[in-house]
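Here the structure comes first, spelled out in structure tokens, and everything after it is commentary.
Hydrogens, waters and symmetry mates are skipped; everything else that's a heavy atom, side chains included, is used. The model shown is predicted, which means the values in this text are computed figures rather than measured ones.
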Amino acid sequence: MQNRNTSDKAKAGASFAIEQVDRTLYNALRAVFIDGAYCAQALTKALKGLTNMRAHPFVTSAFYGVLDNNVRLEHVIGGLCDREPDKNSAVVLKIGIYYCNYADMPPYAAVNRAVDLAKRVGVFSGFVNAVLKKSIGYEPKFKSAIQKFSYDCNTPEWLCKEVISDYGEDEAAEILKAVLPQKTHIRPVAKRITTEQFKSAAKGGQFTEYGCYVDRAALDNFAQGTVAVQSVSSIRAVNTYIHGIASGRVLDLCAAPGGKSVYLSELGEYNITACDIYPHKLDLMRGYAKKLGAKFDVALNDATKENADFVSAFDLVIADCPCSGTGTLKTKPDIMIKRTAEDIAELCDVQLRILDNVAKYCKNGGTLCYSTCSILKKENEEIADKFIKSHPEYTELDRTKFLPNIDKCDGFFIARFKRTTE
């Protein structure tokens, strides 16, 4: 028979382990919802304090589970609470409701864990207990059709309205409900790993025409510098930029963290200048290029202001502009939490200012590429229309759009223009 003291110690140890897991999850989510931290950074920092490595996958899954279901969780909280809870209570409630309704654990255990967490972080546990018990099997009520659409698509109402306006309700639902691989997409680095070596090391992953989706842990199977983490949409965008352009001087204006420039350097005889407005990002690009054996110049530059050294100097100018990021909702939940409707007009203004400024950087006969990782027509088609209307020295070559429901990758838009006169 097991010694009673040993059994008690085991229970105490298990209890402590659960407490540590839940506290780690709370710390990560609090950093996002209250402190405004980026999701990936918040999770990485929180996991450093979790000594049980075997618990990391659960915390990671629950962290992104809460974020991915945030709109639904907030709707449930709003329907069950007479008044809006304070921010700390809201984080605990989101964890508890997620545990009760989405995680693989009995409801009573989920409630107990959230109540215990509330006590440890200074939140009124009686309130949490009452709300969570009511949340089990809760049937939401909707005040409007757009509220139900938002809940069903798990997307903020303002963004649902924009996407419906652009695509119609049926396609908007398909776009917002599209399911993409949750793993990390990697590609082999040219001349550093053979196709056979790549396939062998990535065995078990989900292969694509460019590489493979793998678990983060699988990256340890590859020698340093032999693979690059790069999304399918980013790879496709670079291939679109250079269509019909085998060599020449290239200006990548908003290049950080450098993934596109690194890939571009592998594809042809290009003399690349990669720019960013922030000095610390230049160091990141230099380090990334060195790690992967890529060769290109790095320059500090504000894309909205004229750089005399760049005028009429490039065969290809890439303006991958700051945007809403609404094409990356499936892989970057920060967008749904931080972005607001008011941001769009400001971003569109920045995009036009960049294009108007950098139009002079192409040689006669050169190509200017405008791109965003947005699915909104205000940022994409409408910006391209305004640019070509105000720049008679350019003719439009083509437009390319990737949508998650059709192309099975993040949303992306590229418009290419050719300079035909000085």
Hits for side-chain contact (heavy atoms from CB on, under 4.5 Å) against Asn101, two or more places apart or cross-chain, chain-then-number order -> Ile97, Ser135
Within the side chain of Arg72, is there an N or O that forms a donor-acceptor pair under 3.5 Å with the backbone of Asp152? yes
Tyr263 vs Arg187 side-chain heavy atoms within contact, under 4.5 Å: yes
What heavy-atom pair brings Asn221 and Ala201 nearest, and what distance separates the two atoms? ND2-O, 3.3 Å
Less than 3.5 Å apart, which donor and acceptor atoms pair up between the side chains of residues 338-347 and the rest of the protein, not counting sequence neighbours?
from, atom 1, to, atom 2, distance (Å)
Lys338, NZ, Gly36, O, 2.9
Lys338, NZ, Ala37, O, 3.3
Arg339, NE, Ser324, O, 3.2
Arg339, NH2, Cys323, O, 3.4
Thr340, OG1, Glu342, OE1, 3.4
Thr340, OG1, Asp343, OD1, 3.4
Thr340, OG1, Asp343, OD2, 3.3
Asp343, OD2, Thr340, N, 2.8

Donor-acceptor contacts under 3.5 Å from residues 271-300 side chains, at least two apart:
from, atom 1, to, atom 2, distance (Å)
Asp276, OD2, Tyr278, N, 3.0
Asp283, OD1, Arg286, NH1, 2.9

Could you measure the distance from the CD1 atom of Ile186 to the OG atom of Ser231? Nearest 0.5 Å is fine. 13.5 Å
Would you check, one step at a time, whether the test side chain to side chain contact (heavy atoms under 4.5 Å, CB included) holds for Leu316 with Tyr270? CA-CA 10 Å; Leu316 173 62; Tyr270 302 107; 5.6 Å; no
Can any side-chain N or O of Glu382 pair as donor or acceptor with the backbone N or O of Asn380 at less than 3.5 Å? no
Between Val111 and Asn129, what is the shortest heavy-atom contact and its length? CG1-OD1, 3.3 Å
Non-hydrogen side-chain atoms of Tyr241 and Thr367 separated by less than 4.5 Å: no
Any non-hydrogen side-chain atom of Ile146 less than 4.5 Å from a side-chain atom of Lys161? yes
Using distance only, find each side-chain donor-acceptor pair of residues 406-413 under 3.5 Å and give its atom names and separation, not counting sequence neighbours.
from, atom 1, to, atom 2, distance (Å)
Asp407, OD2, Leu403, N, 2.8
Lys408, NZ, Asn405, O, 3.2
Asp410, OD1, Thr331, OG1, 3.3
Asp410, OD2, Thr331, OG1, 3.2

Please tabulate, for side-chain N and O atoms in residues 243-261, each donor-acceptor pair with protein atoms closer than 3.5 Å (sequence neighbours left out).
from, atom 1, to, atom 2, distance (Å)
Asp252, OD2, Ser261, OG, 2.7
Lys260, NZ, Asp320, OD2, 3.0

Leu25 versus Tyr98: any side-chain heavy-atom pair under 4.5 Å? no
Evaluate the side-chain proximity of Leu368 to Arg419: yes if any heavy-atom separation is below 4.5 Å, no if none is. no
Residues at least two apart in sequence or cross-chain that pass ring pair (Phe, Tyr, Trp, His ring centres under 6.0 Å) with Phe314, listed by chain then number, are Phe310
Donor-acceptor contact below 3.5 Å, side chain Thr24 vs main chain Gln20: yes
Take a 6.0 Å sphere around NZ of Lys133 and say whether it holds more than 12 heavy atoms from other residues, nucleotides or ligands. no
Which atoms form the tightest heavy-atom contact between Ala42 and Val32, and what is the distance? CB-CG2, 3.7 Å
Any side-chain to backbone donor/acceptor pair from Asn69 onto Gly65? Under 3.5 Å, distance only. yes
When rounded to the nearest 0.5 Å, the distance separating CG of Asp334 from CE of Met336 is 10.0 Å
side-chain hydrogen bond (donor to acceptor under 3.5 Å, both in side chains) partners of Gln197, counting only residues at least two apart: Thr194
Between Ser61 (side chain) and Pro57 (backbone), is there a donor-acceptor pair under 3.5 Å? no
Pairwise distance CG(Leu355) to OG1(Thr304) - rounded to 0.5 angstrom: 12.0 Å
Any side-chain heavy atom of Pro188 sitting closer than 4.5 Å to one from Thr226? no
Taking atom CG of Leu47 and atom CE of Met53, what is their separation to the nearest 0.5 Å? 8.0 Å
Search all heavy atoms of Asp385 against all heavy atoms of Ile388 and return the closest pair with its distance. O-CG2, 3.4 Å
Contacts of Phe207 that satisfy side-chain contact (heavy atoms from CB on, under 4.5 Å) - sequence neighbours left out: Phe198, Lys199, Ala202, Cys212
Around atom NZ of Lys148, are there more than 12 heavy atoms from other residues, nucleotides or ligands closer than 6.0 Å? no
Above 12 or not: heavy atoms from other molecules or residues under 6.0 Å from CZ of Phe142? yes
May I ask you to test the Ile18-Asp116 pair for a side-chain heavy-atom distance under 4.5 Å? no
So salt bridge (charged side-chain N to carboxylate O under 4.0 Å, His left out) across residues 91-104, not counting sequence neighbours, yields Glu74-Lys94
Pair listing, ring pair (Phe, Tyr, Trp, His ring centres under 6.0 Å) test, anchored in residues 167-193, at least two apart: His185-Tyr213
Donor-acceptor contact present, side-chain Thr155 to main-chain Ser150, <3.5 Å: no
How long is the straight-line distance from OG1 of Thr326 back to CD1 of Ile375, given to the nearest 0.5 Å? 4.5 Å
For the student: nearest non-hydrogen atoms of Tyr394 and Cys362, plus distance: OH-CB, 3.2 Å
Non-neighbouring partners of Glu162 that pass side-chain hydrogen bond (donor to acceptor under 3.5 Å, both in side chains), sequence neighbours left out: Lys378
Main-chain N/O of Ala114 paired to Asp22 side chain as donor or acceptor, under 3.5 Å: no
So, taking the atom named SG in Cys369 and the one named CG in Asp398, what distance separates them when rounded to the nearest 0.5 Å? 8.0 Å
Before accepting this row, confirm whether a basic side-chain N of the pair Glu209/Arg236 lies closer than 4.0 Å to the acidic partner's carboxylate O. yes
Is a donor on one side and an acceptor on the other found under 3.5 Å between the side chain of Tyr361 and the backbone of Asn307? yes
Do the side chain of Thr328 and the main chain of Gly325 share a donor and acceptor less than 3.5 angstrom apart? yes
Examine distances only and state if a side-chain atom of Ser265 and a backbone atom of Val262 form a donor-acceptor pair shorter than 3.5 Å. yes
Geometric class of the Phe58/Tyr99 ring pair [parallel <30°, tilted 30-60°, perpendicular >60°]: tilted
Salt bridge between Asp302 and Arg353, side-chain N to carboxylate O under 4.0 Å? no
Step through the shown structure and confirm whether more than 12 heavy atoms of other residues, nucleotides or ligands are within 6.0 Å of NZ on Lys377. yes
Quick check: closest heavy atoms across Pro322 and Ile354, and the distance to 0.1 Å? CD-CD1, 3.7 Å
What pairs of residues pass the salt bridge (charged side-chain N to carboxylate O under 4.0 Å, His left out) test when at least one of them lies in residues 35-64, not counting sequence neighbours? Arg30-Asp35
So do Pro333 and Asn70 actually touch side chain to side chain, heavy atoms under 4.5 Å? no
